[in-house]
Amino acid sequence: MAHTNDHSGHDHTGHDHGPGHVHGSTDKKRVLIAACLTGGFMVAEALGGILTGSLALLADAGHMLADSIALGLAWYAFHLASRPATVRLTYGFGRVKTLVAYTNGIAIFVIALWIVYEAWERLQAPAPVLGGPMLVVAILGLLVNISAFFVLHGGDRESLNMRGAILHVLGDLLGSAAAIVAALVILATGWTPVDPILSVLVSLLILYTAWSLMREAAHVLLEGVPPSLDRDLIARDIEATIQGVREVHHMHVWSLDGTSNMATLHACLDEDVDAHQAVSAVKKRLASEHGISHATVEPEFGQCADDGDEHDHGHEHEAAAYHDHHH
């Protein structure tokens with residue numbers, strides 16, 4: 001057990017992920033700057049929305065409130081992820097980032113639905129909107145959001161946590177743009193319903209992007225096979241390329257945090273094969289060809305150690321079905 005723990009720590013402290021580790025520290029700074037920019041301007045925009053009576057501004061301030069909280073959480077997730085593994089959390093804190101990405105998705109969803117509801121209320125009973133001050137606040141908001149977007153845009157776009165942060169700021173950017181358009185229309189024509197209509201359009205766009213982020217984060221949390229990998233193809237590749245490996249079964253492939261991939265498998269070996277050499281070859285193949293940095297390989301001669309163990313097969317329907325298919 002001690003060896004496994006050590007191996008896991010070794011894999012995730014930067015030996016295999018040197019560039020990722022560097023990304024992590026710069027991403028952390030980027031997210032903190034964006035959080036400060038967003039949080040600072042959110043107060044001004046909320047006041048502007050109340051004073052001008054603009055739902056588009058209030059909607060954008062609502063987004064910015066959630067976003068400054070979300071960006072703060074994203075920063076904390078990066079902060080936690082750099083901590084080493086513990087006796088209780090043997091994989092470390094890497095998955096906190098995915099959990100935050102998922103929670104962010106839910107938060108965006110709730111805010112967007114609230115804006116749609118508010119807009120419906122506004123369309124029933126239109127309220128007066130002060131176009132001039134609204135335009136000034138919206139333009140300032142757009143400039144702040146563009147700055148935050150560029151700060152984040154230089155980060156690691158493979159990271160779900162970073163993509164969640166960028167998505168929040170992009171939502172704000174669209175919100176500010178919609179508020180500017182609404183203010184211009186109100187100033188030119190006096191037609192106030194444009195304010196709630198545009199805020200709904202922005203919300204719908206954000207709902208769609210939030211859904212895709214949540215789906216990806218949920219896939220990681222459910223230990224799903226990473227989209228770039230095919231578990232069955234990897235098993236067949238090992239059987240075909242590693243000498244002495246007759247068959248691979250009970251294989252699981254998952255990602256810890258959306259970037260570092262892991263696998264466990266049973267390798268059924270020919271009688272005269274050196275188990276240590278075969279296991280080393282399998283691990284090297286997984287790392288070099290399939291990007292799986294941490295693998296646990298159980299060598300077997302003859303019968304599978306799990307055959308006849310009802311608990312295991314009851315607990316792993318999917319793995320058992322895969323096992324049967326191979327036999």
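We're numbering straight along the sequence, starting at 1.
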> How are the rings of Phe150 and His153 set to each other: parallel, tilted or perpendicular (split at 30° and 60°)?
Replying inline: perpendicular

>> To the nearest 0.5 Å, what is the distance between NE2 on His79 and NZ on Lys28?
In response: 5.5 Å

>> Would you say that Met262 contacts Leu256 through its side chain, given a criterion of any heavy-atom pair below 4.5 Å between the two side chains?
In response: yes

> For the residue pair Tyr76 and Arg83, what are the closest heavy atoms and their distance?
Replying inline: OH-NH2, 4.5 Å

>> What verdict does the side-chain contact (heavy atoms from CB on, under 4.5 Å) test give for Leu173 and Leu142, after you've listed the backbone C-alpha separation in whole Å, the side-chain angles of each residue and the deciding distance to 0.1 Å?
In response: CA-CA 6 Å; Leu173 226 156; Leu142 185 70; 3.7 Å; yes

> Does the pair Glu247 and Val245 meet the rule for a side-chain contact (heavy atoms from CB on, under 4.5 Å), with working shown?
Replying inline: CA-CA 6 Å; Glu247 187 211 356; Val245 175; over 6 Å; no

> Okay, side chain of Asp270, backbone of Asp272: is any donor-acceptor separation there less than 3.5 Å?
Replying inline: no

> Is there side-chain contact between Leu123 and Ile197, with heavy atoms separated by less than 4.5 Å?
Replying inline: yes

>> To the nearest 0.5 Å, what is the distance between CZ on Arg236 and CG on Leu233?
In response: 5.0 Å

> Tell me, do Ile234 and Val248 make a side-chain contact under 4.5 Å, heavy atoms counted?
Replying inline: no

> Can Leu221 be reached from Phe109 by stepping across I, L, V, M, F, W or Y side chains whose heavy atoms are under 4.5 Å apart?
Replying inline: yes

> How long is the span from the CE atom in Met214 to the OG1 atom in Thr103, to the nearest 0.5 Å?
Replying inline: 9.5 Å

> Any idea which heavy atoms bring Glu45 and Val137 closest together, and the distance?
Replying inline: CA-CG1, 4.0 Å

>> Can you give me the closest heavy-atom contact between Val151 and Arg30, atom names plus distance?
In response: O-NH1, 2.7 Å

>> With a 4.0 Å cut-off on N to O distance, would you call Arg95 and Glu223 a salt bridge?
In response: yes

> Is any side-chain heavy atom of Leu71 less than 4.5 Å from a side-chain heavy atom of Val169?
Replying inline: yes

> If you group Ile, Leu, Val, Met, Phe, Trp and Tyr by side-chain heavy-atom gaps below 4.5 Å, do Leu207 and Trp211 land in one group?
Replying inline: yes

>> Run the side-chain contact (heavy atoms from CB on, under 4.5 Å) test on Trp254 and Thr264 for me, step by step, so that the C-alpha distance in whole Å, both residues' side-chain angles and the decisive distance to 0.1 Å come before the verdict.
In response: CA-CA 9 Å; Trp254 73 100; Thr264 58; 3.7 Å; yes

> Counting distance only, does the side-chain N/O of Lys283 pair as donor-acceptor with the main-chain N or O of Val297 below 3.5 Å?
Replying inline: no

>> Is there a side-chain contact between His252 and Val225 in this structure, where contact means two heavy atoms from C-beta onward sitting under 4.5 Å apart?
In response: no

> Is the shortest heavy-atom distance from the side chain of Thr192 to the side chain of Asp195 under 4.5 Å?
Replying inline: no

> Under 3.5 Å, is there a donor-acceptor pair between the side chain of Ser280 and the main chain of His276?
Replying inline: yes

> Would you say the side chains of Glu300 and His249 form a donor-acceptor pair under 3.5 Å?
Replying inline: yes

>> Taking the basic N atoms (NZ, or NE/NH1/NH2) and the acidic carboxylate oxygens, is any pair closer than 4.0 Å for Lys284 and Glu289?
In response: no

> How far apart are the C-alpha atoms of Leu135 and Ile186, what are their side-chain angles, what is the distance that settles it, and do they pass the side-chain contact (heavy atoms from CB on, under 4.5 Å) test?
Replying inline: CA-CA 10 Å; Leu135 182 64; Ile186 290 165; over 6 Å; no

> Would you say the side chains of Asp237 and His290 form a donor-acceptor pair under 3.5 Å?
Replying inline: yes

>> For the backbone of Thr86 and the side chain of Thr90, can you confirm whether one donor and one acceptor N or O come within less than 3.5 Å of each other?
In response: no

> When rounded to the nearest 0.5 angstrom, what is the spacing between CD1 in Ile33 and CG in Leu152?
Replying inline: 9.0 Å

>> Check this for me: Gln124, atom CD, are more than 12 non-hydrogen atoms of other residues, nucleotides or ligands nearer than 6.0 Å?
In response: yes

>> Within a 6.0 Å radius of atom OH on Tyr102, are there more than 12 heavy atoms belonging to other residues, nucleotides or ligands?
In response: no

>> With a 3.5 Å distance limit and no angle check, can you tell me whether Arg285 reaches the backbone of Ile238 through a side-chain donor-acceptor pair?
In response: no

> Just wondering, more than 12 heavy atoms not from Trp120 lying within 6.0 Å of its CH2?
Replying inline: no

> Is it true that Val200 and Leu174 fall in one hydrophobic cluster, defined by side-chain heavy atoms closer than 4.5 Å?
Replying inline: no

> With a 4.5 Å limit on heavy-atom distance, are the side chains of Val194 and Thr189 in contact?
Replying inline: no

> Do Phe301 and Ile242 share a hydrophobic cluster, counting only Ile, Leu, Val, Met, Phe, Trp and Tyr and linking them when any side-chain heavy atoms are less than 4.5 Å apart?
Replying inline: yes

> With hydrophobic residues grouped by side-chain heavy-atom distances under 4.5 Å, do Tyr91 and Leu99 end up in a single group?
Replying inline: no

> Looking only at heavy atoms, which two atoms of Met134 and Ala183 are closest? And how far apart?
Replying inline: CE-N, 3.8 Å

> Between Ser176 and Asn145, which heavy-atom pair has the shortest distance, and what is it?
Replying inline: OG-ND2, 2.8 Å

> Taking atom OG1 of Thr296 and atom NE2 of His266, what is their separation to the nearest 0.5 Å?
Replying inline: 10.0 Å

> Which atoms form the tightest heavy-atom contact between Leu269 and Ala275, and what is the distance?
Replying inline: CD1-CA, 3.9 Å

> Rounded to the nearest 0.5 Å, how far apart are CG of Leu229 and CD1 of Ile292?
Replying inline: 5.5 Å

>> Is there a side-chain contact between Phe149 and Ile166 in this structure, where contact means two heavy atoms from C-beta onward sitting under 4.5 Å apart?
In response: yes

